[in-house]
Amino acid sequence: MFGFFRKVAALTEEIVYIRFWRNKIIFYYHPSGVKYKDEPILAIKKRGKKEIITAVGEEINALAPEDTSIIRTPFQPFMTEPENFDLGAKVIRHLMQKGKNSKMALVAPRVIIHPDKTYISEMEEQAYRELALSAGAREAVVYVGQALHPDEIEGVMNAK
């Protein structure tokens with residue numbers, strides 16, 4: 001019986017390559033080839049002491065002015081602001097779900113997260129990995145270097 005589930009998991013395995021900058025995020029879903037870009041911003045409306053997220057990414061453009069009180073990007077250096085980590089995970093989770101193929105929805109995706117940096121410290125690498133895992137990834141790899149070609153995605157995921 002478990003063999004059946006392993007086969008289904010292998011058929012539905014998806015790798016999400018996320019390349020992000022402070023002002024945009026590009027998602028590439030492998031092997032389906034779906035690619036899209038969005039803005040890593042969110043709209044927050046305050047209700048009493050609670051903050052409610054009303055929209056993420058380009059959805060903010062469709063909001064009426066009264067639906068939001070704050071628009072922020074959590075991808076300033078989130079190492080200095082702990083609340084940005086939680087907001088960053090929410091943005092990544094929401095945007096990952098946006099481009100997800102419904103046939104691939106059975107298993108959490110494996111994620112390659114590619115920050116726009118030439119060097120990251122071990123602490124930053126761990127933070128990026130935790131960001132992806134908090135966003136719903138089953139496994140996360142942090143990649144630093146040139147943008148990956150679709151043919152290289154599986155190799156990078158399996159090499160780490």
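Values reported hereafter were calculated over all heavy atoms of this structure, with side chains retained and with hydrogens, waters and symmetry mates removed. No experiment lies behind these values; they were computed from the predicted model shown.
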Q | Reported NZ-to-NZ distance for the pair Lys37 and Lys24, which is rounded to 0.5 angstrom | A | 4.5 Å
Q) Under the side chain to side chain contact (heavy atoms under 4.5 Å, CB included) criterion, do Asp116 and Phe20 qualify, and how do the steps go? A) CA-CA 6 Å; Asp116 187 39; Phe20 70 88; over 6 Å; no
Q: Answer yes or no: is there a side-chain heavy-atom contact under 4.5 Å between Lys117 and Glu124?
A: yes
Q | Full working for side chain to side chain contact (heavy atoms under 4.5 Å, CB included) between Ile18 and Ile25 | A | CA-CA 7 Å; Ile18 303 171; Ile25 298 180; 3.6 Å; yes
Q) Yes or no on side chain to side chain contact (heavy atoms under 4.5 Å, CB included) for Lys90 and Ile53, after CA distance, side-chain angles and deciding distance? A) CA-CA 9 Å; Lys90 287 177 183 179; Ile53 297 173; 3.5 Å; yes
Q) Just by distance, do the side chain of Gln97 and the backbone of His94 share a donor-acceptor pair under 3.5 Å? A) no
**Q.** Gap between atom CZ of Arg129 and atom CD of Glu139 - 0.5 Å precision
**A.** 9.5 Å
Q. Quick one: does Arg110's side chain have a donor or acceptor within less than 3.5 Å of a partner on Ala137's backbone?
A. no
Q: Please check if Val111 and Val144 belong to a single hydrophobic cluster, counting links between Ile, Leu, Val, Met, Phe, Trp and Tyr side chain heavy atoms closer than 4.5 Å.
A: yes
Q | Gap between atom CD1 of Ile113 and atom CD1 of Ile92 - 0.5 Å precision | A | 5.0 Å
Q. Is a side-chain N or O of Thr54 found less than 3.5 angstrom from the main chain of Ala43, in a donor-acceptor match?
A. yes
Q: Quick one: name the residues clustered hydrophobically with Val156, using the 4.5 Å side-chain heavy-atom rule over I, L, V, M, F, W, Y, and just say none if it's on its own.
A: Ile15, Tyr17, Tyr28, Ile112, Val141, Tyr143, Leu148, Ile153, Met157
Q: Could I get the full list of salt bridge (Lys or Arg N to Asp or Glu O under 4.0 Å) partners for Lys35, not counting sequence neighbours?
A: none
Q: Let me see the working for Glu59 and Leu42 under side chain to side chain contact (heavy atoms under 4.5 Å, CB included), right down to the final yes or no.
A: CA-CA 9 Å; Glu59 297 170 358; Leu42 50 105; over 6 Å; no
Q. Minimum heavy-atom separation for Ala55 to Ile60, with atom names?
A. CB-CG1, 3.8 Å
Q) Tracing side-chain links under 4.5 Å among I, L, V, M, F, W and Y, which residues wind up in one group with Ile26? A) Trp21
**Q.** Non-hydrogen atoms of Leu131 and Gly88 that approach each other most closely
**A.** CD1-C, 3.5 Å
Q. Between Lys46 and Glu51, is there a salt bridge with N-O shorter than 4.0 Å?
A. yes
Q.
On a heavy-atom basis, which atom in Val16 and which in Met96 lie closest, and how many Å separate them?
A. CG1-CG, 4.2 Å
Q.
Hydrophobic clusters here meaning ILVMFWY residues chained together by side-chain heavy-atom distances under 4.5 Å, can you tell me if Leu133 and Val142 are in one?
A. no
Q. Can you tell me how far the CG atom of Asp86 sits from the OG atom of Ser134, to the nearest 0.5 Å?
A. 7.5 Å
Q: Given side-chain hydrogen bond (donor to acceptor under 3.5 Å, both in side chains), test Gln126 with Glu130 step by step and report yes or no.
A: CA-CA 6 Å; Gln126 184 62 31; Glu130 289 298 321; 3.0 Å; yes
Q: Search all heavy atoms of Pro109 against all heavy atoms of Gly136 and return the closest pair with its distance.
A: CD-O, 3.9 Å
Q | Working for side-chain hydrogen bond (donor to acceptor under 3.5 Å, both in side chains), residues Glu14 and His30 | A | CA-CA 6 Å; Glu14 183 173 48; His30 181 76; over 6 Å; no
Q: Examine distances only and state if a side-chain atom of Glu152 and a backbone atom of His149 form a donor-acceptor pair shorter than 3.5 Å.
A: yes
